[in-house]
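Structure record follows, encoded as structure tokens.
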Amino acid sequence: MNHAADQGEPSSSRRGLAYALTAYGLWGLIALYFKAVDHVAPPEVLAHRIVWSFLVLAAVLAVRGGWGEVWRGLGDRRAVAMLAMSTLLIAVNWLTFIYAVASRQVLQSSLGYFINPLVNVLFGVVLLRERLRARQWLSIALAAAGVAFFTIAVGAIPWLSLVLASTFGLYGLLRKTMPVGGLVGLTVETLLLAPLALAYLIWRSATHHSTAADPGTYGLLALSGVVTTGPLLAFIAAARRLRLSTLGMVQYLTPTITFLLAVFAFREPFTNIQLITFACIWFALAIYAADSYHARKHRQFELVEPD
């Protein structure tokens, strides 16, 4: 990532911010696309998304000349094993989100992506033995209280939210340790899944089980490749130009847009129970963001040498 661009080149930083707003904005609006194909069975939508995404990514890499990096990655057993795990995680995450839209539970998906940064912090403690500051513990406790309140009040665990947050958190953790970039990594992941996805689609069609029965629906499903890769390319462009802290703040645009769509566009019920749950999460995120800001300022202060 080019930190110098964020610090010394205002025009590059502005372009980076525009790319970041585009990426996270499109990810927030993606529920509209899956709403348009919610009459198709979620596994079938997932299979189309995998196949069409692979084709688009393959074309992009062919233009960029990135297939050499793909083959090198496939020649590394450790990288392949890690990519296999990340492939499973992203497949579960995609399927869960598609199901959430199809079953009118977009609000739960929004909650999951609001929780995700705090889940990442928790994974850092459990898996990487990181030490947390007091305010970080407080933010996690508040988020846990929100989830516990929802579970007790509704009588059911918000499993969609927790699956989305945990799979995406583990996926991000794995991808950070891989020696491949985002574009190449997603290409390999879709490459690993594409044969199974294509075989599933052929079986559905041959046995007349397919729920994509008209040309218009097929056209929409074919767009899933662009819908998936477009935000990713914008994110990669943003990551080269912006600080991680800047990206970290912009990331909340995605669940915010999803939340607004769920409440105002899809008319999902937003009761006092959900209000209290979201309030706990939002307050936890505010504490977490403030703590991160103060910690960053403190580090910058320590780096300044005395006169």
Side-chain angles (χ1 to χ4, degrees), residues 20 24 27-28 85-86 88-90 92-93 96-97 100 105-177 239 243-260 262-263 270-300 302:
Y24 286 111
W27 275 325
M85 288 188 287
S86 68
L88 177 62
L89 288 168
I90 199 62
V92 172
N93 184 273
T96 304
F97 183 80
Q105 298 183 77
V106 178
L107 207 54
Q108 267 214 54
S109 72
S110 169
L111 180 64
Y113 287 117
F114 273 123
I115 293 173
N116 178 247
L118 302 174
V119 170
N120 290 341
V121 174
L122 189 60
F123 283 158
V125 174
V126 175
L127 301 177
L128 303 179
R129 304 302 176 97
E130 295 177 354
R131 298 182 66 181
L132 298 188
R133 296 179 291 273
R135 279 179 289 197
Q136 289 177 312
W137 278 117
L138 177 59
S139 64
I140 291 175
L142 270 173
V147 173
F149 171 79
F150 182 93
T151 302
I152 295 169
V154 176
I157 297 173
W159 69 269
L160 279 174
S161 302
L162 297 177
V163 169
L164 285 170
S166 59
T167 54
F168 199 68
L170 287 170
Y171 176 78
L173 189 64
L174 276 174
R175 291 300 303 271
K176 282 182 181 179
T177 61
R243 297 175 186 267
L244 279 174
S245 57
T246 305
L247 282 173
M249 294 307 296
V250 180
Q251 73 174 326
Y252 297 117
L253 181 63
T254 294
T256 301
I257 292 175
T258 305
F259 170 83
L260 294 173
V263 175
F270 188 61
T271 64
N272 288 335
I273 293 172
Q274 284 144 325
L275 175 60
I276 293 171
T277 302
F278 272 90
C280 288
I281 303 302
W282 290 332
F283 192 32
L285 288 173
I287 294 172
Y288 172 73
D291 177 77
S292 299
Y293 174 79
H294 287 301
R296 187 166 63 252
K297 286 294 183 182
H298 182 68
R299 283 195 298 269
Q300 290 174 351
E302 287 181 338

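- Close placement of the Phe259 and Phe270 rings is indicated, their centers lying within 6.0 Å of each other.
- Between the side chain of Thr254 and the backbone N or O of Trp27, no donor-acceptor pair lies under 3.5 Å.
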For this session: Please report the C-alpha distance between Thr258 and Phe114 in whole Å, then the side-chain angles of each, then the deciding distance to 0.1 Å, and finally whether the side chain to side chain contact (heavy atoms under 4.5 Å, CB included) criterion is met.
Result: CA-CA 10 Å; Thr258 305; Phe114 273 123; over 6 Å; no

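- Counting all heavy atoms, side chain and backbone alike, Leu142 lies closest to Ala284 at CB-CB, 3.8 Å.
- The distance from the CG atom of Leu160 to the OG atom of Ser109 is 8.0 Å, given to the nearest 0.5 Å.
- Proximity of a side-chain donor or acceptor of Ser161 to a complementary backbone N or O of Gln108 within less than 3.5 Å is detected.
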Exercise. What do the steps show when you test Leu132 against Leu122 for side chain to side chain contact (heavy atoms under 4.5 Å, CB included), and what is the final call?
Worked result: CA-CA 9 Å; Leu132 298 188; Leu122 189 60; 5.9 Å; no

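- Note that CD of Gln251 is 10.0 Å distant from OG1 of Thr256, once rounded to the nearest 0.5 Å.
- Take Ser86 and apply the side chain to side chain donor-acceptor pair (under 3.5 Å) test, not counting sequence neighbours, and it matches Glu189.
- The minimum heavy-atom distance between Cys280 and Gly146, with the atom names listed, is CB-CA, 3.7 Å.
- In this structure, the side chain of Ser110 engages the main chain of Pro255 through a donor-acceptor pair within 3.5 Å.
- Note: Ile152 CD1 to Ile273 CD1 = 11.0 Å, rounded to the nearest 0.5 Å.
- In this structure the side chain of Ile157 reaches within 4.5 angstrom of the side chain of Leu162, judged on heavy atoms.
- Checking side-chain atoms of Asn93 against main-chain N and O of Thr167 turns up no donor-acceptor pair under 3.5 Å.
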For this session: Could you please spell out the steps behind the side chain to side chain contact (heavy atoms under 4.5 Å, CB included) verdict for Trp282 and Tyr252?
Result: CA-CA 10 Å; Trp282 290 332; Tyr252 297 117; over 6 Å; no

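- Residues Ala143 and Leu118 share a closest heavy-atom pair of CB-CD1, 3.5 Å.
- Atom CD of Gln105 sits about 7.0 Å away from atom CH2 of Trp159, to the nearest 0.5 Å.
- No side-chain donor-acceptor contact under 3.5 Å links Asp291 to the backbone of Arg135.
- Of the N and O atoms on the side chains of Thr271 and Gln274, at least one donor lies less than 3.5 Å from an acceptor on the other residue.
- Here the CG-CG distance, from Leu170 to Leu89, works out to 5.5 Å after rounding to the nearest 0.5 Å.
- Atom CZ of Arg133 is separated from atom NE2 of His294 by 11.0 Å, given to the nearest 0.5 angstrom.
- Proximity of Val147 to Thr277: side-chain heavy atoms (C-beta onward) are nowhere separated by under 4.5 Å.
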For this session: Give the intermediate values and the outcome of side chain to side chain contact (heavy atoms under 4.5 Å, CB included) for residues Leu107 and Phe278.
Result: CA-CA 10 Å; Leu107 207 54; Phe278 272 90; 4.0 Å; yes

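- By the 4.5 Å heavy-atom criterion applied to side chains, Leu111 and Ile281 are counted as neighbours.
- With a 4.5 Å cut-off on side-chain heavy atoms, Val92 and Phe168 do not count as touching.
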